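Read the numbers this way: they start at 1 and go in the same order the structure lists the ligands and their atoms. Numbers here simply count residues along the sequence, with the first being 1. What's counted below: heavy atoms across the whole structure, side chains too, no hydrogens, waters or symmetry copies. The model shown is predicted, which means the values in this text are computed figures rather than measured ones.
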Amino acid sequence: MPEAASLPIIDVSAEGPDNQAKVAKALVDAAAEYGFVYIKNSGLDLTHEQIENAFAMVGDFKEGFNFGAFNASGKATQSIPSSMELHQVELAAFREACHSVCRKLLLLFGIGLEVSPPDFFAKAHATAPEKPSGSILRFLYYPPPSATPDAQDDDVRAGAHSDYGSVTLLFRLPGQAGLEILTPSGAWAPVPVSPAASSGEGEDDDEAPPPILVNIGDLLSYWTNGLLRSTVHRVAFPAAGGDTIRGEKGKESAADPRYSIVYFCHPADDTPLAAVPSERVRSFSSEKKNDLAGAAPAAGAGGANSQSQQGKVLTAKEHLQSRLRATYLQMYSGEKEGGEEST
Ligand SMILES: O=C(O)CCC(=O)C(=O)O
Ligand SMILES: [Fe+2]
């Protein structure tokens, strides 16, 4: 069985400037090293009930779906399936709550990177009806492996890709890990849903939902000149024989569909991705320029060139478009690297 990724679990509910600074540092360190981190799900920003209800909705629906913006009265601004229409207000509230969690994380990144002002990233993600953005709430339904009996051994449920936005929140159900990240050594490491149970550390609390998995997307990696990593990941089929990651509760069988809920957070479309006012980001990019091997991205790192390597300041929208273009070109050239396809 491959070794599970060992990612830190960070409690971001700490109050007071000293605690906040410590948490911010831990978050930046994890994002710089792994590009993925768990945050403890205290149920404050996003209630456990809200998450359960969201999974109940995708379970009823049995199909994947992307939700873009909702208007001020909680109505979707796109056409949505009739079975979802009744749930629009709940969906809008869930999307809003996810966005607030992301803004809280973005503020902590600003603090951890000593950006001046610290709400530099969070402000770029302020929402308003007149401020369109690439943010998407995605409900994912993966049919049971038994429904595709001619699957090959090396097939995966979702191909290797990196996410396009600034930060992504991922919600999964216990026993349905599936997600794997590409480590710098080039190996795929499974990411457990319940990391405390998997590592054997600490008692798993049946009442508490698992932590929320957070990862850095290409845009935030680009904006920070690669200091924060956008890590390549994929979704694998359950192992034959029903093996799960050590300690993970529940077994995933070939007869089970898999559900996940993802929130891709993006800044407002017109945000200029200009130099981040942070000495740490600046000195990171000059170190990189001096690094002769700097041209080739390390294994596991997704995305395009760093912001400091481009002459022109891109907007968030232009950055997303360039990532989408690159993904489609890759697909047409035969390398089936599925991207986030967030439009
Ligand atoms: O379903 C998952 O666990 C991950 C999905 C994902 O990586 C994506 O949609 O970008
Ligand atoms: Fe992803």
Side-chain angles (χ1 to χ4, degrees), residues 4-5 7 31 34-39 41 51 54-55 57-59 61-68 95 98 102 134-145 155-183 188-195 198 209-222 228-239 244-245 248 250 252 256-266 300-303 320 323-324 326-328 330-331 336-343:
L7 307 172
Y34 310 100
F36 271 80
V37 60
Y38 294 101
I39 58 165
N41 187 354
I51 299 171
F55 273 111
M57 279 189 258
V58 68
F61 191 50
K62 293 200 170 33
E63 213 179 294
F65 206 78
N66 285 331
F67 298 96
R95 196 176 179 279
C98 287
C102 293
S135 296
I136 296 262
L137 174 65
R138 175 177 291 175
F139 281 13
L140 279 160
Y141 166 76
Y142 300 86
D155 276 358
V156 286
R157 268 180 157 160
H161 69 279
S162 53
D163 297 345
Y164 299 149
S166 32
V167 284
T168 303
L169 305 183
L170 176 65
F171 304 90
R172 291 172 295 168
L173 292 168
Q176 301 205 322
L179 185 81
E180 298 182 336
I181 59 175
L182 189 57
T183 61
W188 288 103
V191 182
V193 177
S194 307
S198 315
I212 303 170
L213 190 65
V214 175
N215 66 287
I216 303 300
D218 296 341
L219 183 145
L220 193 56
S221 184
Y222 171 86
L228 303 184
R229 283 174 68 94
S230 168
T231 295
V232 172
H233 52 282
R234 67 179 189 181
V235 182
F237 280 111
T244 48
I245 310 172
E248 188 82 355
E252 208 181 352
D256 293 333
R258 177 180 182 274
Y259 303 100
S260 64
I261 299 175
V262 198
Y263 184 66
F264 301 105
C265 184
H266 289 246
L320 175 58
R323 294 296 299 123
L324 288 166
T327 301
Y328 290 122
Q330 246 173 18
M331 290 210 309
K336 268 183 80 191
E337 302 278 296
E340 183 187 308
E341 292 172 49
S342 62
T343 48

Best match, R258, R234, R172: closest heavy atom to atom 3 (O) of ligand 1: R258

Donor-acceptor contact present, side-chain R172 to main-chain P192, <3.5 Å: yes

CG of L173 to OG of S194, rounded to nearest 0.5 Å, is 10.5 Å

Any residue meeting salt bridge (Lys or Arg N to Asp or Glu O under 4.0 Å) with R157, in chain and number order, not counting sequence neighbours: E252

For H161 and ligand 1, answer yes if some heavy atom of the residue is under 4.0 Å from a ligand atom, otherwise no. yes

Backbone N or O of F171 within a donor-acceptor pair of the S260 side chain at under 3.5 Å? no

State, to the nearest 10 degrees, the angle whose vertex is the Fe ion (ligand 2) and whose arms point to NE2 of H233 and OD1 of D163. 90°

Would you find a donor on one side and an acceptor on the other, under 3.5 Å apart, between the side chain of R258 and the backbone of A177? yes

Quick check: does any side chain N or O of T168 sit under 3.5 Å from a backbone N or O of F264, one acting as donor and the other as acceptor? no

Would you mind listing which atoms of ligand 1 come within a distance below 4.0 Å of any non-hydrogen atom of L140? 1 (O), 5 (C), 9 (O)

Need the ligand 1 atom indices (1-based, order shown) with element for anything under 4.0 Å from a heavy-atom of R138. 9 (O)

Could you list the atoms of ligand 1 found under 4.0 angstrom from a heavy atom of S260? 1 (O), 2 (C)

Under 4.0 Å from one or more heavy atoms of V235, ligand 1 contributes atoms 1 (O), 2 (C), 3 (O), 4 (C)

Counting from 1, what ligand 1 atoms have a heavy atom of F264 closer than 4.0 Å? 8 (C), 9 (O), 10 (O)

According to side chain to side chain contact (heavy atoms under 4.5 Å, CB included), who are the partners of A158, at least two apart in sequence or on a separate chain? Y142, V235

Of the side chain and backbone of T168, name the one, both, or neither that has a heavy atom under 4.0 Å from an atom of ligand 1. neither

Within ligand 1, which atoms have a heavy atom of H233 less than 4.0 Å away? 7 (O)

